[in-house]
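In what follows, residues are counted from 1 in the order of the sequence shown.
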Amino acid sequence: MKHDSTHNTRENHFLTPSLSMRAYARGLFPMAQSRHDPIIFWLDPPTRGIITPQSFHVPKRMRRTIRNTPHVVAYNTCFQRVLQECATPTTTRTDTWLNPHIMRLHEHLHTLGRAHSVEIFMDDTLVGGLYGITLGAAFFGESMFSRKRDASKIALIALMEKLVSQGFQLLDTQFITDHLRQFGAYEVERTAYRSMLQEAVAHPCAFLT
């Protein structure tokens, strides 16, 4: 993993919601090397992946998939389950960066109304979703999972449509992937990102469900 970072101590009492919100506002986010590693790194990558209302778009194939796939979108109905699914290794992802300290932090942020989840249900079964953290008009995407084809993509589309409708200015995807590029994600340099972030954080906005 290549990044600029400083690491925190193994003592998890330093990983508080107050500290985390200050770090997010400055452009930093916490991560662990693996789900079993107790050390928390505060990352400040030289480039950042983002999606804005202006860049967001839905590929035609995904529009057809959404129309033809029976599903239900929900918000904040089972945050802990989404968090646990995101932290669970799969056959294609043998490890994750969500260690117990970060998971407890994000659970706490959810109880404070700062962390939110998007859930995709098919036949009453949770098959995909994502979660992230809000600060002003910025949404910091943390992780996503999919147990059915395209379920996480449907969750991302639902999230972006909600963010756009509610006046959010920025979805921080942290890093960039081909999966995200197809929806309008792109990279910006650290200085440009911080400028966009400062403007978004200063703009009052609520994630309403």
Participant: Does atom CD (Glu199) have a neighbourhood of more than 12 heavy atoms from anything else shown, all under 6.0 Å?
Facilitator: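 Atom CD in Glu199 is not crowded, with 12 or fewer foreign heavy atoms closer than 6.0 Å.
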Participant: Calculate, to the nearest 0.5 Å, the distance between atoms NZ and CZ belonging to Lys60 and Arg63 respectively.
Facilitator: 10.0 Å
Participant: Between Arg147 and Glu85, is the closest basic N to carboxylate O distance under 4.0 Å?
Facilitator: yes
Participant: Mind checking whether Phe139 and Ile102 sit in one hydrophobic cluster, side chains of I, L, V, M, F, W, Y counted as touching below 4.5 Å?
Facilitator: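 They do not share one cluster, since no chain of ILVMFWY contacts under 4.5 Å joins Phe139 to Ile102.
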Participant: Closest approach of Leu170 and Ala200, non-hydrogen atoms and distance?
Facilitator: CB-CB, 4.3 Å
Participant: Would you confirm whether Gln33, through its side chain, and Trp97, through its main-chain N or O, come within 3.5 Å as a donor-acceptor pair?
Facilitator: no
Participant: Using side chain to side chain contact (heavy atoms under 4.5 Å, CB included), reason through Lys153 and Gln182 one step at a time and then give a plain yes or no.
Facilitator: CA-CA 10 Å; Lys153 295 178 182 178; Gln182 65 184 304; 3.6 Å; yes
Participant: State, yes or no, whether a side-chain contact exists between Phe145 and Ser152 at a heavy-atom distance under 4.5 Å.
Facilitator: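 No, their side chains stay 4.5 Å or more apart.
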Participant: Within a strict 4.5 Å, meaning less than it, do heavy atoms of the Arg48 and Met196 side chains meet?
Facilitator: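 No, every pair of side-chain atoms sits at 4.5 Å or beyond.
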Participant: When you group the ILVMFWY residues by side-chain heavy-atom contacts below 4.5 Å and let the links chain together, are Met62 and Val72 in the same group?
Facilitator: no
Participant: Count the heavy atoms of every other residue, nucleotide or ligand shown that sit under 6.0 Å from CZ of Arg61, and state whether that count exceeds 12.
Facilitator: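 Atom CZ in Arg61 is packed in, count exceeds 12.
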Participant: Return the CG to CG distance between Leu43 and Leu28, rounded to the nearest 0.5 Å.
Facilitator: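 Leu43 CG to Leu28 CG: 8.0 Å, rounded to 0.5 Å.
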Participant: Please work out which of the three classes, parallel, tilted or perpendicular, describes the rings of His110 and Phe79, given edges at 30° and 60°.
Facilitator: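 Parallel.
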Participant: Side chain to side chain contact (heavy atoms under 4.5 Å, CB included), that's the test. Do Phe121 and Thr77 meet it? Break it down for me.
Facilitator: CA-CA 11 Å; Phe121 293 89; Thr77 63; 4.1 Å; yes
Participant: Surrounding NZ of Lys162 (heavy atoms of other residues, nucleotides or ligands, distance under 6.0 Å), is the total greater than 12?
Facilitator: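 Count over threshold, so yes.
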Participant: Taking the side chain as every heavy atom from C-beta outward, state whether Phe56 and Glu161 have any pair of such atoms under 4.5 Å apart.
Facilitator: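 Of all side-chain heavy-atom pairs linking Glu161 with Phe56, at least one is under 4.5 Å.
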Participant: Surrounding CD of Gln166 (heavy atoms of other residues, nucleotides or ligands, distance under 6.0 Å), is the total greater than 12?
Facilitator: yes
Participant: Answer yes or no: is there a side-chain heavy-atom contact under 4.5 Å between Pro46 and Tyr193?
Facilitator: no
Participant: Within the distance-only criterion (no hydrogens, no angle test), does the side chain of His179 pair as donor or acceptor with the backbone N or O of Thr177 below 3.5 angstrom?
Facilitator: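 Side chain of His179 to backbone of Thr177, a donor-acceptor pair under 3.5 Å: no, none is there.
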Participant: Is it the case that the side chain of Arg194 and the backbone of Gly27 share a donor-acceptor pair, with hydrogens and angles ignored and the cut-off at 3.5 Å?
Facilitator: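 Checking the backbone N and O of Gly27 against the side chain of Arg194, no donor-acceptor pair under 3.5 Å is found.
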Participant: At their closest point, which heavy atom of Met122 faces which heavy atom of Ile154, and how far apart are they?
Facilitator: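 Looks like CE-CD1, 4.4 Å.
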Participant: Output the distance between atom OG1 (Thr65) and atom CZ (Arg149), rounded to the nearest 0.5 Å.
Facilitator: 7.0 Å
Participant: Under a 3.5 Å cutoff, is there a donor and acceptor pairing between the side chains of Glu189 and Thr191?
Facilitator: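 The criterion, which ignores hydrogens and geometry beyond distance, is not satisfied for Thr191 and Glu189.
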Participant: Nearest 0.5 angstrom please: Leu98 CG to His106 NE2, how far?
Facilitator: 7.0 Å
Participant: With a 4.5 Å cut-off on side-chain heavy-atom distances among I, L, V, M, F, W and Y, is there a chain of contacts connecting Val201 to Leu112?
Facilitator: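 In one cluster with Val201: Leu112, no.
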Participant: Does Ile133 reach the side chain of Phe207, with side-chain heavy atoms less than 4.5 Å apart?
Facilitator: no
Participant: Tell me whether Val164 shares a hydrophobic cluster with Ile66, the cluster being built from Ile, Leu, Val, Met, Phe, Trp, Tyr side chains joined at under 4.5 Å.
Facilitator: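 Linked, Val164 and Ile66 end up in one cluster.
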Participant: Just so I know, are the side chains of Phe183 and Leu171 near enough to count as touching, which here means a heavy-atom distance under 4.5 Å?
Facilitator: no
Participant: Under 4.5 Å between any side-chain heavy atoms of Arg35 and Thr88, yes or no?
Facilitator: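 Not in contact.
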Participant: Show, in sequence, the C-alpha distance, side-chain angles and deciding distance for Phe140 and Phe29, and conclude whether the ring-ring contact (aromatic ring centres under 6.0 Å, His included) test is met.
Facilitator: CA-CA 9 Å; Phe140 304 89; Phe29 58 91; 8.8 Å; no
Participant: Between Ser34 and His36 (side chain of the first, backbone of the second, donor and acceptor by atom type, cut-off under 3.5 Å), is there such a pair?
Facilitator: yes
Participant: Which heavy atom of Ala138 sits nearest to which heavy atom of Leu197, and what is that distance?
Facilitator: CB-CD1, 4.1 Å
Participant: Which distance, rounded to the nearest 0.5 Å, do you find between the OG of Ser165 and the CG of Leu208?
Facilitator: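 Interatomic distance, Ser165 OG to Leu208 CG, rounded to 0.5 Å: 8.5 Å.
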Participant: Is any side-chain heavy atom of Thr173 less than 4.5 Å from a side-chain heavy atom of Met144?
Facilitator: no
Participant: Can you measure from OG1 (Thr16) to NE2 (His108) and round to the nearest 0.5 angstrom?
Facilitator: 9.0 Å
Participant: Is there a continuous path of hydrophobic side-chain contacts, each under 4.5 Å between heavy atoms, that joins Val58 to Ile120?
Facilitator: yes
Participant: Show, in sequence, the C-alpha distance, side-chain angles and deciding distance for Leu180 and Leu156, and conclude whether the side chain to side chain contact (heavy atoms under 4.5 Å, CB included) test is met.
Facilitator: CA-CA 9 Å; Leu180 295 169; Leu156 177 61; 3.8 Å; yes
Participant: Which heavy atom in Pro30 sits nearest to a heavy atom in Ile40, and how many Å separate them?
Facilitator: CB-CG2, 3.7 Å
Participant: Between Thr96 and Pro89, which heavy-atom pair has the shortest distance, and what is it?
Facilitator: CG2-N, 4.3 Å
Participant: Between Leu159 and Leu130, what is the shortest heavy-atom contact and its length?
Facilitator: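 In this case the closest contact between Leu159 and Leu130 is CD2-CD1, 3.7 Å.
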Participant: Heavy-atom count check: over 12 atoms from other residues, nucleotides or ligands less than 6.0 Å from Asp123 CG?
Facilitator: no
Participant: Is the number of heavy atoms from other residues, nucleotides or ligands within 6.0 Å of CZ (Arg26) greater than 12?
Facilitator: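 Open.
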Participant: Going through the checks in order, is the side chain to side chain contact (heavy atoms under 4.5 Å, CB included) test met by Gln174 and Glu142?
Facilitator: CA-CA 8 Å; Gln174 298 178 349; Glu142 293 295 329; 3.4 Å; yes
Participant: Judged by atom type as modelled, is there a donor-acceptor pair below 3.5 Å linking the side chain of Asn76 to the main-chain atoms of Ser117?
Facilitator: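 Confirmed, Asn76 side chain pairs with Ser117 backbone.
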